[in-house]
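Below is one structure, written out as C-alpha cells; comments come after it.
Along the sequence shown, residues carry numbers from 1. Here the structure is a predicted model, which is why all the values come from computation and not from measurement.
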Amino acid sequence: RVVDADGNVLVPGIIDGHIHNREPGLEYKEDWESATRAAAAGGVTTVVGMPNTDPVIDRPDHLELKFERGEASAHVDFQSYAVVTSENIDQIPAIDEAGALGFKIFLGSTVGDVPPPNDGEILEAMERIGETGKRLGFHEENGEIIDHYTEQFQAEGRTKPIDHSHSRPVIAEQEAVERMLTFAEETGAKIHMFHVSSGSAAEAVARGKARGVDVTAETCPHYLWFTEEVMREKGNVARVQPPIRDADEQARLWNALEEGAIDTIATDHAPHTPDEKKVDDPFGNTWDAISGFVGLETEVPAMLSFVDEGRFTLEEWVRRHSTRPAQVWGMYPQKGSLQVGTDADFTIIDPDAEWTLTDRDTLHSKNCVTPFEGESFTGKAVTTVVRGEVVYEDGDVVGKSGYGTRVDVDTE
Ligand code: NCD
Ligand code: ZN
Ligand code: ZN
C-alpha cells in the first residue's frame with residue numbers, strides 16, 4: 001500500500017464496467033466526452049459503455065462508430081458491450097472480431113426498448129458467444145412479470161414512485177437469474193449479472209457458483225446505500241431498473257457481497273435530463289418519469305464511506321472495483337493492476353475527506369440528476385492517472401479530450 005505524507009493512498013485505477021455513455025445518438029443526455037470527464041473527476045480510469053444507444057450496438061459497424069467517437073473525445077480508457085437481439089445472433093462472430101468487450105442481453109424491457117430474444121435464441125446466443133471466449137451479461141429482470149404488474153398498477157391508478165419499484169418485484173429478478181444459470185449450465189457459457197439489486201438474486205448467483213456455473217455478478221453503490229424508503233423521500237429521482245429494494249433484501253445483498261457472490265462494483269451511470277427525470281415534480285405520476293441516474297462521481301466516495309464504516313477493507317474494495325472487473329472482462333493485468341510500470345492506471349484517494357454533494361451541478365456530466373445529491377461521504381479521489389498521464393488533479397480535469405483509448409481485450 002502506497003501512502004503519501006497527507007495520508008492519501010494510491011490504488012490501481014478504478015474500473016466502471018457499467019455506464020450508459022449515450023453516444024452515438026443520445027448526446028442530449030451524455031456523450032463520450034462528458035461521461036469520461038465525469039469518470040476522470042470521479043477517480044475512474046476505465047469505463048465500459050452499454051449498447052442501448054441510437055443506433056443500438058448490434059452490428060460491427062455500429063460498434064466501430066462507437067469506438068471512433070470514443071477515440072475522438074474520451075478522457076479515460078474505454079470499451080463497449082454489444083447487444084444480442086432476435087435479429088443479430090448470426091453476427092456474433094463478426095461483432096467479436098470488431099473488438100467488443102463482451103455481450104449483453106436485456107431480458108426485461110428497460111430504457112431504450114431493446115426487445116429481449118426468446119429463450120431458444122438465448123440458448124443459441126450462449127453457444128455462439130461461448131465460441132468467442134467472451135462473457136454474456138444480462139439486464140436480469142423477467143419482462144413478462146414486470147409487464148403484467150405495470151399494466152395492472154396502471155389500470156388501478158397507482159402512480160406513486162414506490163409503485164414503480166413494486167411493479168418490478170424481486171421475483172422478476174431472481175427468476176431471470178435462475179433461468180440464465182440453468183441455460184449457462186447447459187451451454188457452458190460464461191455469464192454475468194449486471195446491477196444485482198436484491199439478496200434473493202445474489203443468493204441465486206451464489207448457488208450457481210456453488211454448482212460450478214461460470215457466473216459473475218455486479219452490484220451498484222445505490223443498492224448498498226439506499227433502501228426503497230428513498231422512493232418515498234426523493235421520489236422519481238431515485239427511480240431505477242432494477243429498483244432499490246427493502247431493508248431485508250439489502251441486508252441479504254450485503255451478506256452475499258461479503259461471502260463472495262458479488263464480484264464487481266459498477267455504477268449503472270445512466271444520465272437523463274432533469275425534465276425526463278421529472279425533478280420539478282418528483283412525486284408526480286411515476287409512469288411519466290424515466291429510470292436511471294448518474295453515478296461516476298459518487299461511486300468512489302460511496303465505497304470509501306463503506307470502508308470508513310468498516311463494512312469492508314480498502315483491499316476488498318479495490319478488488320471489487322478494479323482487479324475483478326479487469327479479470328471478469330479480460331482486461332487484466334493491462335487494467336486492474338499496478339504491475340505494468342509506467343503505463344499503469346492508478347487513482348489516488350483521500351480516505352478521510354468529509355464532504356457533502358450539496359449541488360448536483362458541480363458534477364461533470366451533461367445531466368447530473370442523482371439521489372446522491374444531499375448525501376455526505378467520507379473519502380474521495382484526488383488524482384486520476386491513465387497510462388502514466390494525470391487526467392484529473394485537485395478538482396480539475398486536466399487531461400486532453402481524445403487521450404482515452406479503447407482497451408484491447410484478451411480472452412485467452
Ligand atoms: C438504464 C438507462 O437509462 O439506460 N436505466 C436504468 O434504470 N438502469 C437502463 C438499464 O441499465 O437497464
Ligand atoms: Zn439494465
Ligand atoms: Zn444500465
**Q.** CG on Asn236 to CZ on Phe293, rounded to 0.5 Å
**A.** 12.0 Å

Q.
Just checking Phe377 against Trp225, ring centres under 6.0 Å apart?
A. yes

Q | Residue pair Trp287 / Gln154, side-chain donor-acceptor N/O under 3.5 Å | A | no

Q | Least distance between heavy atoms, Glu218 atom then Phe194 atom | A | OE1-CD2, 3.3 Å

Q | Set of residues satisfying side-chain hydrogen bond (donor to acceptor under 3.5 Å, both in side chains) with respect to Asp345, sequence neighbours excluded | A | Lys335

Q. Does Glu178 come within less than 4.0 Å of Arg207, counting only side-chain N to carboxylate O?
A. yes

Q) Would you say Thr264 and Val328 make side-chain contact, with heavy atoms under 4.5 Å? A) yes

Q | salt bridge (Lys or Arg N to Asp or Glu O under 4.0 Å) partner of Asp214, chosen from Arg135, Lys190, Lys209 | A | Arg135

Q) Taking only residues two or more places apart in sequence, or in another chain, which ones meet Arg179 in a salt bridge (Lys or Arg N to Asp or Glu O under 4.0 Å)? A) Asp119, Glu175

Q) Is the cationic atom of Arg69 (NZ for Lys, CZ for Arg) positioned less than 6.0 Å from the six-membered ring centroid of Phe78 and within 45 degrees of its normal? A) no

(Q) Under 4.0 Å between a side-chain nitrogen and a carboxylate oxygen: does that hold for Arg319 and Glu315? (A) no

**Q.** Point-to-point distance, once rounded to the nearest 0.5 Å, from OG1 of Thr46 to CD1 of Ile14
**A.** 10.0 Å

(Q) Between Trp317 and Phe312, is the ring pair (Phe, Tyr, Trp, His ring centres under 6.0 Å) condition met? List the steps. (A) CA-CA 7 Å; Trp317 164 60; Phe312 40 70; 8.4 Å; no

**Q.** Full working for side chain to side chain donor-acceptor pair (under 3.5 Å) between Ser86 and Glu121
**A.** CA-CA 7 Å; Ser86 303; Glu121 291 163 341; 2.9 Å; yes

Q. CD/Glu299 to NE2/His222 distance, rounded to the nearest 0.5 angstrom?
A. 11.0 Å

Q. Would the Phe138 and Phe106 ring centres measure less than 6.0 Å apart?
A. no

Q) Taking atom types as modelled and ignoring hydrogens, do the side chains of Arg59 and Gln91 form a donor-acceptor contact shorter than 3.5 angstrom? A) no

Q. Between the side chains of His269 and Glu30, is a donor N or O closer than 3.5 angstrom to an acceptor N or O?
A. yes

Q) Going by atom types alone, do Ser291 and Gln241 pair a side-chain donor with an acceptor below 3.5 Å? A) yes

Q) Going through the checks in order, is the ring pair (Phe, Tyr, Trp, His ring centres under 6.0 Å) test met by His18 and His20? A) CA-CA 7 Å; His18 185 165; His20 297 267; 5.3 Å; yes

Q) Any donor-acceptor pair under 3.5 Å linking the side chain of Thr383 with the backbone of Ile348? A) no

Q. At their closest point, which heavy atom of Trp329 faces which heavy atom of Val409, and how far apart are they?
A. O-CG1, 3.5 Å

Q: Would you sort out whether Asn367 and Val294 count as a side chain to side chain contact (heavy atoms under 4.5 Å, CB included), showing the intermediate values?
A: CA-CA 8 Å; Asn367 290 288; Val294 297; 5.7 Å; no

Q: Answer yes when Arg245 and Glu173 have at least one side-chain N-carboxylate O distance shorter than 4.0 Å, and no when they do not.
A: yes

Q: Mind listing the closest non-hydrogen atom pair of Ile191 and Ala184 along with its distance?
A: CD1-CB, 3.7 Å

Q) Going from OG on Ser109 to CD on Glu144, what distance comes out if it is rounded to the nearest 0.5 angstrom? A) 11.0 Å

(Q) Please tell me whether Ser165 and Glu228 have a donor and an acceptor in their side chains that are separated by less than 3.5 angstrom. (A) no

Q: Indicate the atoms forming the closest heavy-atom contact of Asn21 with Gly49, along with that distance.
A: OD1-CA, 3.5 Å

Q.
Any salt bridge linking Arg252 with Glu259? Criterion: basic side-chain nitrogen under 4.0 Å from a carboxylate oxygen.
A. no

(Q) Could you walk me through whether Trp32 and Phe67 satisfy the ring pair (Phe, Tyr, Trp, His ring centres under 6.0 Å) test, starting with their C-alpha distance in whole Å, then the side-chain angles of each, then the deciding distance to 0.1 Å, before giving a yes or no? (A) CA-CA 10 Å; Trp32 272 126; Phe67 285 153; 8.3 Å; no

**Q.** Gap separating the OG1 atom of Thr267 from the NE2 atom of His321, nearest 0.5 angstrom
**A.** 7.0 Å

Q) Which pair of non-hydrogen atoms, one from Thr405 and one from Asp77, has the smallest distance, and what is that distance? A) N-OD1, 2.8 Å

Q) Should Val205 and Val177 count as side-chain neighbours, where that means a heavy-atom distance under 4.5 Å? A) yes

Q. Between Lys29 and Glu276, does at least one N-O distance fall below 4.0 Å, as a salt bridge requires?
A. yes

(Q) For a quick check under 3.5 Å, do Lys366 and Ser34 share a side-chain donor-acceptor pair by atom type? (A) no

**Q.** Thr298 OG1 to Leu363 CG distance, which is reported to the nearest 0.5 Å
**A.** 7.0 Å

Q) What closest approach, in Å, do Ile15 and Ser322 show between heavy atoms, and which atom pair accounts for it? A) CD1-O, 3.3 Å

